[in-house]
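The structure under discussion appears below in the form of structure tokens.
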Amino acid sequence: MKDAYISVEGLCRTEKTIEKSRFITTSFHVEGDKEAGAFVSRVSGEFPDATHSCFAYIADDGAQLLRFSDAGEPSGTAGMPILEVIKNKGLVYTAVVVTRYFGGVKLGAGGLVRAYAGCAAENLSAAKVTRYALYEDVETVTDYAEFSAATKFIDCFGARDVKVEYLGKVKINLRVRAGLSAAFVSGMTSALSGSGETKTLGTKTYLPET
């Protein structure tokens, strides 16, 4: 897994009219083929009477899991141009659907390529683009007497998604940057004077950087 990647955060929708045709572009952060497919189906379902719902997506961090569709437009005039825009912007885990309502004026192959690529580019320029960093889950179990020392260290380290359970001992679950997890375990062990137990849980996830 990569240490970080760039993707859109949340949903962005833009709209424009080109030669009387209405183009509605929707982008979204997706993880995996199943989630990307569901997003495409959801957007297409919002506009059941549209002439075309063309899309492209990259649903992994290595641009290996990708799909695109011209959805009835001439081959190579819609899906691939949208995909190339996503690639050129250096985005992954990103899906774009361009919905078209035909307005009666034919654009020709070149015009369609420019229209779909242009709509995708404008949408992704308007979208919130975020760096996602890889975080690793860590767990600390310590006596109540050392809880204050543990929280001070956590605050200084900048851990995220901190959850505390007050049981026979205090159990703290959190996430730290994957590349710093070993340093966190070592530092927490020192902060607790060796009285607690801190370990990585072997699970990692990407989180948007704040």
Side-chain angles (χ1 to χ4, degrees), residues 1-2 4-135 205-210:
M1 300 177 76
K2 294 182 178 180
Y5 66 82
I6 305 297
S7 180
V8 296
E9 182 179 350
L11 184 145
C12 178
R13 176 164 289 167
T14 53
E15 182 175 337
K16 69 182 304 182
T17 299
I18 302 174
E19 296 292 341
K20 298 183 179 180
S21 283
R22 180 187 176 201
F23 290 85
I24 305 166
T25 306
T26 311
S27 60
F28 194 60
H29 178 84
V30 295
E31 297 183 8
D33 198 47
K34 184 177 180 180
E35 187 173 312
F39 166 69
V40 171
S41 296
R42 185 169 71 250
V43 174
S44 297
E46 289 185 60
F47 307 100
D49 57 340
T51 314
H52 306 280
S53 287
C54 307
F55 71 85
Y57 62 76
I58 298 174
D60 65 353
D61 62 0
Q64 300 300 311
L65 184 57
L66 55 84
R67 303 281 188 275
F68 60 90
S69 172
D70 295 313
E73 294 282 28
S75 179
T77 62
M80 181 58 76
I82 297 170
L83 180 63
E84 287 303 311
V85 171
I86 298 172
K87 287 182 176 181
N88 290 339
K89 288 185 174 290
L91 302 174
V92 292
Y93 290 112
T94 298
V96 177
V97 179
V98 181
T99 305
R100 181 190 183 192
Y101 284 88
F102 181 57
V105 178
K106 293 184 178 181
L107 301 179
L112 287 171
V113 170
R114 289 189 294 273
Y116 281 101
C119 287
E122 287 183 15
N123 178 276
L124 293 176
S125 293
K128 181 179 180 181
V129 175
T130 300
R131 185 174 188 270
Y132 288 73
L134 186 63
Y135 283 76
T205 188
Y206 287 105
L207 298 174
E209 291 191 331
T210 55

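- The side-chain heavy atoms of Thr26 and Leu11, taken from C-beta on, include a pair separated by under 4.5 Å.
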Assess whether side-chain contact (heavy atoms from CB on, under 4.5 Å) is satisfied between Val43 and Phe55, documenting all intermediate values. CA-CA 10 Å; Val43 174; Phe55 71 85; over 6 Å; no
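- Checked by atom type and distance alone, the side chain of Lys2 pairs as donor or acceptor with a backbone atom of Asp61 at under 3.5 Å.
- The side-chain heavy atoms of Pro81 and Arg114, taken from C-beta on, include no pair separated by under 4.5 Å.
- Between Tyr132 and Tyr93, a ring centre-to-centre spacing not shorter than 6.0 Å is recorded.
- Atoms CZ and NZ, on Phe102 and Lys20 in that order, are 10.5 Å from each other to the nearest 0.5 Å.
- Atoms OG1 and OH, from Thr51 and Tyr101 in turn, are 8.0 Å apart once rounded to the nearest 0.5 Å.
- Looking at Asn123, its side chain does come within 3.5 Å of a backbone N or O of Cys12 through a donor-acceptor pair.
- Residues Ala117 and Val85 share a closest heavy-atom pair of O-CG2, 3.5 Å.
- Closest of all the heavy-atom pairs between Asp60 and Gln64 is OD2-N, 3.1 Å.
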Between Met80 and Ser75, does a side-chain contact (heavy atoms from CB on, under 4.5 Å) hold up when you go through it step by step? CA-CA 9 Å; Met80 181 58 76; Ser75 179; over 6 Å; no
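- No donor-acceptor pair under 3.5 Å is formed between the side chain of Thr99 and the backbone N or O of Ser53.
- Ring planes of Phe39 and Phe28: parallel class, angle under 30° (limits at 30 and 60°).
- Scanning all heavy atoms of the two residues, the minimum distance from Ser21 to Gly103 falls at OG-N, 3.0 Å.
- Using a 4.5 Å heavy-atom threshold, the side chains of Arg67 and Val40 count as separate.
- His29 contributes no side-chain N or O that, together with a main-chain N or O of Glu9, makes up a donor-acceptor pair within less than 3.5 Å.
- Note that NZ of Lys87 is 5.5 Å distant from CG of Leu66, once rounded to the nearest 0.5 Å.
- Closest approach of Thr14 to Ala126, counting heavy atoms only: CG2-CB, 4.2 Å.
- Taking each heavy atom of Ile86 and Ala56 in turn, the nearest pair found is CD1-O, 3.6 Å.
- Of the candidates Ile58, Val8, Val129, Val8 is the only one forming a side-chain contact (heavy atoms from CB on, under 4.5 Å) with Thr94.
- The two residues Ala59 and Ala36 come nearest to each other via the heavy atoms CB-CB, 4.2 Å.
- Checked against the 6.0 Å centroid criterion, the rings of Phe23 and Tyr116 qualify as a close aromatic pair.
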Before giving the answer on side-chain contact (heavy atoms from CB on, under 4.5 Å), spell out for Ile18 and Cys119 the whole-Å C-alpha distance, their side-chain angles and the decisive distance to 0.1 Å. CA-CA 10 Å; Ile18 302 174; Cys119 287; 4.2 Å; yes
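- The closest side-chain heavy-atom distance from Val97 to Tyr57 is not below 4.5 Å.
- Side-chain N or O atoms of Ser27 include none that pairs as donor or acceptor with a backbone N or O of Val96 at under 3.5 Å.
- Other residues, nucleotides and ligands place more than 12 heavy atoms under 6.0 Å from the CZ atom of Arg13.
- Take Ser69 and apply the side chain to side chain donor-acceptor pair (under 3.5 Å) test, not counting sequence neighbours, and it matches no residue.
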How far apart are the C-alpha atoms of Arg100 and Leu112, what are their side-chain angles, what is the distance that settles it, and do they pass the side-chain contact (heavy atoms from CB on, under 4.5 Å) test? CA-CA 11 Å; Arg100 181 190 183 192; Leu112 287 171; 3.3 Å; yes
Tell me, with the steps shown, if Thr25 and Lys16 meet side-chain hydrogen bond (donor to acceptor under 3.5 Å, both in side chains). CA-CA 9 Å; Thr25 306; Lys16 69 182 304 182; over 6 Å; no
